[in-house]
Protein chains: 2
Amino acid sequence: MYSIDFSAFFSSAFSVDCIIFGFSDGEIKALLIKRSVKPFENYWAVPGDLVYPNEDLPQAAERILFELTGLKNIQLPQSQTFGKPNRHPQGRVITIAFFALIRIEDFEVKASSWAEEVNWVSVKNLPELAFDHNFILSSTYEIFKQKLQYEPVCFDLLPERFTLNEMQQLFEFAFNIEMDKANFRKKIKNIPLIAHDEKQQNVKHRPAKLFSFDKVNYHERVKSGEYQFKM
Amino acid sequence: MYSIDFSAFFSSAFSVDCIIFGFSDGEIKALLIKRSVKPFENYWAVPGDLVYPNEDLPQAAERILFELTGLKNIQLPQSQTFGKPNRHPQGRVITIAFFALIRIEDFEVKASSWAEEVNWVSVKNLPELAFDHNFILSSTYEIFKQKLQYEPVCFDLLPERFTLNEMQQLFEFAFNIEMDKANFRKKIKNIPLIAHDEKQQNVKHRPAKLFSFDKVNYHERVKSGEYQFKM
DNA sequence: GCAAAAGTGTTTGGATTACACCCATGC
DNA sequence: GCATGGGTGTAATCCAAACACTTTTGC
């Protein structure tokens, strides 16, 4: 049936790579770690790890995210799978990429055997990464941008309380466009937001109002079919 | 570093599953094969195969498509990867799903060791499939529908020459909605189509005009940034 | 008062919707 | 001629873009 022995197929490994995106200073950034082991020693890389033989894939992604950031209960959508035969120098390793969207403010580096040095790097200014990680990261960024347009995931990146201008800046950065302030506000007027009395602090201009995403209201309205997020 | 021996990771296999969609009689259908071997003997399944140790993933998907349909040079976008530890009774096998959109008219079953019986089945009327193939197929169908909205992939499913009503039926079926004929035509008026002099044959009402998708024009206009497909 | 950014209103043209109507073909 | 779908026009409405304007804060 097969031209090689059936058992020869069971000689591959797979890994999970976890692309972690954040937003600060008007830029979307990815969390990179510096490798302290061969291969690609001293290269920056996307956090990832081999998957245990009995471990589920999303579970492995959660493990990596938790070990690195201490964060739990974050959605980890799948990006793509990368499996060129020669992508890993130590054997056939295919990797399934996941991505997480987190608030940089919530993030705190945890000690980890494979994460001595950790850094947020703007997606528009990436260094040369280990393995095929440049390709994995940029492919995943495209998938994330797709999601940004049709699901309210921008609020996973923005602080819990944000200004409308911060929100606008996120979209301007992602899609590399400039938007009109007045029109932006009209565009988002149907998104369920909670307006707080609280204002921005320590700015040398009129302080902006702070908003939160009204998740409960959003889910109700989506469920009833009366609303569909769209940017 | 790891709590198990490094070589123990290299004991998995992976497969590629290829979901093939087509459109006929106003319905979107998937190509299923009947398994003649264990496990899941006599169950219908999505065509798939183990990936050779030196084979690239898209190449494996192309191979499966070609063996089954004789078709080549078809885009095979990736869907998702499915890897629950117990999804395959014979060991840890994760599977990468791809999907192909083909014209049923171009399709011709080829003999194949693993495809004795082949059938097009409406995605709204699927039987119980082998393995986790119901889940794989429905997840892939959702991804395909996403693509249908923002890329001109409907023309990969429609005959080379199609009527506007056939096109409308495709969208009505996919999104489970009814559309106004006049408004549908206004909506698509920016899509570059070639109008042929040829008319529909053998219908017992006024024959409809036939159209083709103007791929060349489309790519030019997308490249210059003046056009973005949207349904 | 001035700089800087927050925040709002008006106009315009293009797209979406609902709906009505005419046209070509087979039988 | 009539049933069946093909094909088009109109009016009301909604939405997006462009742009101008007012407001509030720090210094």
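No hydrogens, no waters, no symmetry mates; every other heavy atom, side chains included, goes into these values. Note on naming: letters A, B, ... go to the chains in the order of the sequence lines (proteins, then strands), and numbering restarts at 1 for each one.
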Enumerate all atom pairs, one protein N or O and one N or O from nucleotides 1-5 of chain D, separated by less than 3.5 Å.
none

Report all side-chain donor-acceptor pairs from residues 221-231 of chain B shorter than 3.5 Å, counting only partners two or more places apart or in another chain.
{"from": "B/Arg221", "atom 1": "NH2", "to": "B/Asn190", "atom 2": "O", "distance (Å)": "3.1"}
{"from": "B/Ser224", "atom 1": "OG", "to": "B/Arg221", "atom 2": "O", "distance (Å)": "3.2"}
{"from": "B/Ser224", "atom 1": "OG", "to": "B/Glu226", "atom 2": "OE2", "distance (Å)": "3.0"}

Rounded distance (Å) that lies between atom P of D/dA17 and atom NZ of A/Lys189: 12 Å
To the nearest angstrom, the CE-P distance between B/Met167 and D/dG7 comes to 14 Å
If you find the nucleotide of DNA chain C closest to A/Lys199 and the one closest to B/Lys199, which residue's nucleotide is nearer the 5' end? A/Lys199
What about B/Phe82 and B/Phe135, are their ring centers closer than 6.0 Å? yes
Measure from CD on A/Glu178 to P on D/dA17 and round the result to the nearest Å. 14 Å
Any chance the rings of B/Phe23 and B/Phe162 have centres within less than 6.0 Å? no
Rounded to the Å, how far apart are A/Met179 CE and D/dA17 C1'? 12 Å
Presence of salt bridge, B/Lys84 and B/Asp132, under 4.0 angstrom: no
Geometric class of the A/Phe99/A/Phe144 ring pair [parallel <30°, tilted 30-60°, perpendicular >60°]: perpendicular
Examine the base of C/dT17 for any acceptor or donor lying under 3.5 Å from a partner atom in the side chain of B/Lys187, and report the outcome as yes or no. no
How would you label the contact of B/Ala208 with the nucleic acid (heavy atoms, under 4.0 Å): base, sugar-phosphate, or nothing? sugar-phosphate
Would the distance check show the side chain of B/Ser212 and the main-chain N or O of B/Ile194 forming a donor-acceptor pair, the cut-off being under 3.5 Å? no
Indicate, with a heavy-atom threshold strictly under 4.0 Å, whether B/Lys209 touches base, sugar-phosphate, or nothing. sugar-phosphate
Between D/dG7, C/dT10, C/dA6, which nucleotide gets closest to the side-chain atoms of A/Arg185? C/dA6
What's the NZ-P distance between A/Lys230 and D/dC15, to the nearest Å? 13 Å
Between the base of D/dT10 and the side chain of B/Lys186, is there any donor-acceptor pair under 3.5 Å? yes
Provide, to the nearest angstrom, the distance between the CG atom belonging to A/Asn183 and the P atom belonging to D/dA20. 13 Å
Give me the ring orientation class for B/Phe171 and B/Phe175: parallel if the planes are under 30° apart, tilted from 30 to 60°, perpendicular past 60°. parallel
Could you check how far CD of A/Gln201 sits from C1' of C/dA6, rounded to whole Å? 15 Å
Tell me: CD1 of B/Ile188 to C1' of D/dG7, nearest whole Å? 12 Å
Return the 5'-most residue of the pair A/Val203, A/Asn190 with respect to DNA chain D, ranking by each residue's nearest nucleotide. A/Asn190
